Amino acid sequence: MRLSRYLVPTLKEIPAEAESLSHRLMLRAGLIRQLTAGAYSYLPLGWRVLRKIEQIVREEMDSIGSQELYLPALQPLDIWNETGRADVMDEIMFKFQDHKGRWMCLGPTHEEVITELARAYVHSYKDLPQQWYQIQIKFRDEVRPRGGLIRTRQFTMKDAYSLSTSQEDLDDWYMKNRQAYSNIFTRSGLRYFIVGAHSGPMGGSGSEEFMIPSDSGEDMIIICDDCGYLANLEIAMSKINHRGKLDIPMEDVETPEKRTIEEVAGFLGVPESETMKSVIYMLLPDEQPLLILIRGDLDVSEAKLEMALKGQEYRPAHPEEIKEMSGAEPGFIGPVGLKRDDIRVIIDDSIPDGVPFIGGANKDNFHTKGVTRGRDFDGESFDLRVAREGDQCSHCDSALRHEKAIEVGHIFKLGTKYSDSMGAMYLDENNIEKPIIMGCYGIGIERIMAGAIEVNSDENGIIWPMSIAPYQVIILPLDKRNEEIWEKAEEIYGKLWDAGIETLLDDRDASPGFKFKDADLFGIPIQIILGKRALKSGNAEVKVRKTGERTDVSLQSLLSDPVGSLPWLNDPTLSEPKE
RNA sequence: CGGGGAGUGGCGCAGUCCGGUUAGCGCGCCUGCUUUGGGAGCAGGAGGCCGAGAGUUCAAAUCUCUCCUCCCCGACCA
């Protein structure tokens, strides 16, 4: 492609809207343009990168025997009502009525459509196993799009769905996809972590996320450098050191207007870790009260709570309900002396038997010292707390650290959640009807692009890994009016394309400095610089964007054997992440 | 959804508090001449219902009201 006729609007100044590194560089390098919040036009250079990524994804999915198909983004709301997810995903679904008044939506994901397909075509164990995938657009009316392509309302996802007859076969598909994902991210020049994750509204028994460490990420992952434990902060485990057991009697102390843990601990002159936090929720749909107890200095992980409750829904209790139950204002609630006997109590294991804590007295302006589990109250034990940086690893006792990360892939063992609710059944060898066991596996295509930029750039611009670079080579004739330079540039350009090397020719009438700056900004891995100096000696100058290394290569060999004279084309280190 | 910030040629901004010439500057764009190894110089140009609507006023980018949009933090989120 000739740059003079190419839509690559590079910017010298950074648009004010861009905050994250990848967003700034994508705008500056002319890869994308925002149309509205969370929706971007992909300009030619950006689109080429996305297509490269898709191709890598396609090859790896095909290689594990996954079949590519294409499902509609336009979907009737009915199928979402079958699984009950019309309600669960209500907030993020783009919904509207067609001209007949039927409710439709733009698919935020495709489990329902896939299950409908399976229900229609899979009837026998002989039809299984199967894995189907697509590379398709998703629509999610995100409350807050952010970070350029990190979170958008319209994006491309590779989503795959495995259909199995047994848990073992699901496990097998899960591992195959896991391996394919590892290949995809490695080939795309990304350094990634696989972390244990929370399944959320997808449901199912287990899931893992593929994470690229980056300050622009929205997720927090917990890392143990010693034993390699990795998990999303939402579900990360950590070890708790308990104080010694002590048998002291309960004693009410006056704590006027001290409601928060911080206020109470400060007022009584004790560390927050010697206090106990009590939170009351109402379980739905029965309105059964739920008391959650956790050490005062720790926080409850919503994801862990959701798992402890096995997905049962809940809501925060109203202040009147709390008052009725405890006889005190919120801020003075504790586990001892509550006025409801149907209350369910779940306790984080930061509150062990025999260790006294300071808790609410269920009496306005009073707390109780010496409240002790096992003696004064008890309940179900769970790990509910959010792990903190510096906490001990639950596997090896080393200190945990955390890091921000971009989620680029997520794999789930769904089980029979969708096949049960939508009736996707098959007959087994014994003529018994069974639900199909499903898995689903997603990759965010744009996030790979954004992630690759986050990880591979310097102060001058993007440094594309060779594997996903929009072009491998850019030719920079520095003096357009020097006919010899111009002719050589054209000649090399033609030869490179003949040899199958994707090449850009900067044929713009611009100053050398301008071309250098743009070439660095674009991040094309190999620059071929044609100036008078080099030409005099019969050489072109080859600059490797990633290393800055410059080498003279004879024009003769470039023309006769382009691939052979550019060994960098096949240098694997140019497809690896920096450092 | 809570908090904060911002809408002025394609991009970055000034002007707004304190109303008053043809609304400025830089980048980019067009024409000409010069220039050519790290975002060239000079000269001459084109391009703006100042986010939208209503109001106040002799007069509104500027004051008032309503609305819309975008960004950031948080909550939320395959």
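Owing to the predicted nature of the structure, the values given are computational and were not obtained by experimental measurement. Quick note on labels: first sequence line is chain A, next is B, and so on, each numbered from 1.
- Heavy atoms of A:Lys138 sit under 4.0 angstrom from at least one base atom.
- A:Gln34 comes within contact range of the sugar-phosphate backbone alone, with a heavy-atom separation under 4.0 Å but no base atom that close.
- Judged purely by distance below 3.5 Å, without hydrogens or angles, the side chains of A:Glu111 and A:Thr109 pair a donor atom with an acceptor atom.
- In this structure, the CZ atom of A:Arg508 is 12 Å from the P atom of B:A40, given to the nearest Å.
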| task | If a protein heavy atom is under 4.0 Å from the base, mark B; if only from the sugar-phosphate, S; if neither, -; do that for nucleotides 32-37 of chain B going 5' to 3'. | result | ---BBB
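- Distance A:Arg33 CZ to B:G28 C1': 14 Å, rounded to the nearest Å.
- Between the P atom of B:C27 and the CG atom of A:Leu27 lies a distance of 21 Å, rounded to the nearest Å.
- A distance of about 33 Å separates the C1' atoms of B:G12 and B:C77, rounded to the whole Å.
- A:Asp520 has its side chain within reach of A:Arg545: a pair of non-hydrogen atoms, C-beta onward, lies under 4.5 Å apart.
- A:Asp518 comes within 4.0 angstrom of a nucleotide base, judged by non-hydrogen atoms across all strands.
- Counting any heavy atom pair closer than 4.0 Å across all strands shown, A:Gly148 reaches no nucleic acid atom.
- A side-chain N or O of A:Glu454 and one of A:Ser22 form a donor-acceptor pair less than 3.5 Å apart.
- Going from atom CD1 of A:Ile32 over to atom P of B:C11 covers 14 Å, rounded to whole Å.
- Contact between the side-chain N/O atoms of A:Thr10 and the OP1/OP2 oxygens of B:G39 is not found at any separation under 4.0 Å.
- Defined by atom type and a distance below 3.5 Å, a donor-acceptor pair is missing between the side-chain atoms of A:His198 and A:Glu302.
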| task | With pairs defined as Watson-Crick or G-U wobble and both distances under 3.5 angstrom, please note down RNA chain B as a dot-bracket string, | for pairing with another strand. | result | ((((((((.[[[[.)....(...]]]].((((((.....)))))).....[[[[[..)....]]]]])))))))....
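- Residue A:Asp520 is classed as a base contact, given a heavy-atom separation below 4.0 Å to a base.
- No engagement by A:Pro9 is indicated, since no non-hydrogen atom pair under 4.0 Å with the nucleic acid exists.
- Taking the P atoms as reference points, B:U35 lies 15 Å from B:G41, given to the whole Å.
- The nearest whole Å value for the distance from the CZ atom in A:Arg151 to the C1' atom in B:G74 is 14 Å.
- Nucleotides of RNA chain B nearest to A:Lys517 and A:Ile92 differ in position, and the one nearer the 5' end is that of A:Lys517.
- Nearest approach of A:Leu505 to A:Ala489, heavy atoms of both residues: CD1-CB, 4.0 Å.
- Within the structure, a side-chain polar atom (N or O) of A:Arg146 is placed less than 4.0 Å from OP1 or OP2 of B:G74.
- At a cut-off of 3.5 Å, with distance as the only test, no side-chain donor of A:Ser419 or A:Thr416 sits close to an acceptor on the other residue.
- Side-chain polar atoms of A:Asn177 and A:Gln131 form a donor-acceptor pair below 3.5 angstrom.
- If you take atom C1' in B:G24 and the same atom in B:G48, they sit 12 Å apart, rounded to whole Å.
- As a whole-Å value, the separation of A:Gln527 CD from B:G39 P is 15 Å.
- Looking only at side-chain heavy atoms (C-beta outward), A:Lys277 and A:Val300 stay at 4.5 Å or farther from each other.
- Between A:His23 and A:Glu19 the shortest heavy-atom distance is ND1-N, 4.2 Å.
- No N or O donor and acceptor, one from the side chain of A:Arg144 and one from the base of B:G3, sit under 3.5 Å apart.
- Here B:C76 is the nucleotide among B:C73, B:C76, B:G39 with the atom lying nearest to any side-chain atom of A:Glu302.
- Judged by distance alone with a 3.5 Å cut-off, no donor-acceptor contact links the side chain of A:Glu13 to the base of B:G28.
- To the nearest angstrom, C1' of B:C77 lies 9 Å from CD of A:Glu234.
- In this structure, A:Leu521 atom CG and B:G39 atom C1' are separated by 11 Å, rounded to whole Å.
- Comparing the P positions of B:U64 and B:C18 gives a spacing of 9 Å, expressed to the nearest Å.
- Using a 3.5 Å distance cut-off with no hydrogens or angles, the side chains of A:Tyr441 and A:Lys176 do not pair a donor with an acceptor.
- B:G15 and B:A6 have their C1' atoms separated by 16 Å, given to the nearest Å.
- In this structure, A:Tyr441 reaches neither bases nor backbone, as no heavy-atom distance under 4.0 Å exists between it and the strands shown.
- Using a 4.5 Å heavy-atom cutoff, the side chains of A:Trp464 and A:Met449 are in contact.
- Remark: the separation of the P atoms in B:G19 and B:G32 is 47 Å, to the nearest Å.
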